[in-house]
Amino acid sequence: MIATDIQENSARYLMNTYARLSLVIERGQGCLVYDAEGREYLDCVAGIAVNILGHAHPDIVEAISRQARQLIHTSNLFYTEPQTQLAERLVRHSFADKVFLCNSGTEANEAAIKLARRYSIKTFGPERIEILTMLGSFHGRTLASLTATGQPALQEGFGPLVPGFRYTTFNDLDKIEAALTPQTAAIMLEPIQAEGGVIVPDVHYMKNIRRLCTERKILLIFDEVQTGMGRTGTLFAYEQFGIQPDIMTLAKGLGGGIPIGACLATDTVAAAFEPGTHASTFGGNPLACAAALKVLDLLIEGGKLEQGRAAGEYLAKCLATLSQQFSCIQETRGMGLLQGLDLSIDGKPIVMECLERRVLINCTMGRVLRFMPPFIISNAQIDRLLSVLSEIFSKRK
Ligand SMILES: *Cc1c(COP(=O)(O)O)cnc(C)c1O
């Protein structure tokens with residue numbers, strides 16, 4: 001099928017939920033993707049922070065292929081070794097004691113919300129079910145995670161939403177304190193609001209939220225679906241703030257491209273789940289777990305975490321230099337390989353012009369350019385991104 005037919009048939013047969021760029025990607029290798037005509041694009045979107053080790057990483061391909069030949073799926077009526085190994089490794093490298101495996105970010109957040117409610121109801125009684133989340137947050141598209149998402153525009157037309165959620169202002173401790181009630185069971189937030197415009201909170205704010213939660217016996221849930229798995233330069237973003245949550249969710253980078261999500265918690269909290277309280281048919285299947293195990297292996301033993309951290313420092317430095325040259329760049333912010341340029345102009349046309357110059361970037365919140373390339377991006381590739389951006393901004397002054 002030629003590219004225009006693929007696009008026409010997509011419109012004909014797929015529900016119209018995505019505003020896609022006019023590009024059909026046929027294959028990928030490292031930080032590059034190719035269309036059917038063989039044109040090469042530098043991929044600084046990486047499947048929305050998913051392909052953390054790039055495309056077609058030989059070790060991941062090998063791990064998936066081997067597992068596919070051996071066993072793809074069994075359901076959770078039985079034990080499988082990759083699932084147990086993955087849980088053990090996640091526990092070993094995080095604050096958590098227990099893991100629940102699922103298939104996506106929104107599902108990981110549903111698990112976190114259910115776990116928080118159940119723990120709170122069991123511990124403090126049936127009244128204490130409220131979850132406080134942040135305006136501008138993004139937690140997913142299923143009903144509870146959509147309700148948790150503090151963006152009224154995304155919730156419109158889907159009511160009634162799930163009861164028991166309240167919203168407050170991100171990075172404002174007084175507002176958070178004021179929003180707490182005797183019914184508050186948990187505070188849920190992203191360590192960096194990624195979809196919300198790459199908003200990095202204050203270290204003191206984060207430490208104070210942890211203190212508030214501990215003092216008032218409120219659970220702290222970190223949605224690390226985007227910030228986790230080394231994206232910010234440490235394996236998990238909470239490490240950067242010197243605090244630990246009680247529950248954490250992961251997905252995006254976890255499987256290096258294979259769908260998998262995880263909800264992690266301390267033993268005390270996780271004990272609220274018993275057999276029959278939560279489940280997933282596909283969750284933790286051997287294929288996805290084999291992929292995630294290889295990803296963790298490459299990050300930790302294979303040095304890819306350090307490589308990503310170094311690339312992130314170089315990218316941040318280059319973007320800071322760029323922002324000094326062009327007045328339409330209001331701010332550059334981010335951590336590691338999650339970087340944003342806050343513009344005073346519309347970001348969409350910039351994304352289109354980058355595409356014309358064969359560089360894939362993303363724009364969120366209308367005017368924040370977001371960069372989330374694979375950890376294996378080279379300085380030369382970052383230079384290519386920067387020269388394309390510089391060329392585009394030069395035309396605008
Ligand atoms: C992408 C994202 C989600 C949703 O993940 P899906 O896999 O699309 O369901 C949730 N939270 C955050 C912070 C995300 O970036």
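All ligand and atom numbering here is 1-based and tracks the order in the structure. Since this is a predicted model, take the numbers as computed values, not measurements.
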In terms of residue, atom name and distance, what is the protein heavy atom nearest to [atom]?
atom                    : result
atom 5 (O) of ligand 1  : G105 CA, 3.3 Å
atom 11 (N) of ligand 1 : D223 OD2, 2.7 Å
atom 2 (C) of ligand 1  : K252 NZ, 2.5 Å
atom 9 (O) of ligand 1  : T106 N, 2.8 Å

Looking at [X], which atoms of ligand 1 are within less than 4.0 Å of one of its heavy atoms?
X    : answer
N109 : 10 (C), 11 (N)
S104 : 7 (O), 9 (O)
Q226 : 15 (O)
E190 : 13 (C)

Handout entry: Salt-bridge criterion met for R358 and E37 (N-O under 4.0 Å)
Key =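 A salt bridge is absent here (no side-chain N lies under 4.0 Å from a carboxylate O).
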
Handout entry: Carboxylate-amine/guanidinium contact E40 R384, below 4.0 Å
Key =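 Salt bridge between E40 and R384, a charged N being under 4.0 Å from a carboxylate O: yes.
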
Handout entry: Test of proximity, V225 against ligand 1: N or O pairs below 3.5 Å
Key =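 Such a contact does not occur with ligand 1.
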
Exercise for the section: Quick one: pull up OG in S22 and CD in Q7 and give me the separation to the nearest 0.5 Å. Expected result: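 Taking OG in S22 and CD in Q7, the distance rounds to 4.0 Å.
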
Practice task
Grab the two heavy atoms, one from L264 and one from S94, that are nearest each other, plus how far apart they are.
Solution key: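 Nearest pair, atom of L264 first, then S94: CD2-OG, 3.5 Å.
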
Handout entry: Atom NZ of K122 with >12 non-hydrogen neighbours under 6.0 angstrom
Key =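 Yes, NZ of K122 has more than 12 neighbouring heavy atoms, counting only those of other groups under 6.0 Å.
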
Handout entry: Non-hydrogen protein atom less than 4.0 angstrom from atom 15 (O) of ligand 1
Key =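 Yes, at least one protein heavy atom sits under 4.0 Å from atom 15 (O) of ligand 1.
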
Practice task
Classify the angle between the aromatic ring planes of H278 and F100 as parallel (below 30°), tilted (30 to 60°) or perpendicular (above 60°).
Solution key: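 Plane angle between 30° and 60°, so tilted.
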
Exercise for the section: Give me the ring orientation class for Y238 and F222: parallel if the planes are under 30° apart, tilted from 30 to 60°, perpendicular past 60°. Expected result: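 Rings of Y238 and F222: tilted, as their planes differ by 30° to 60°.
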
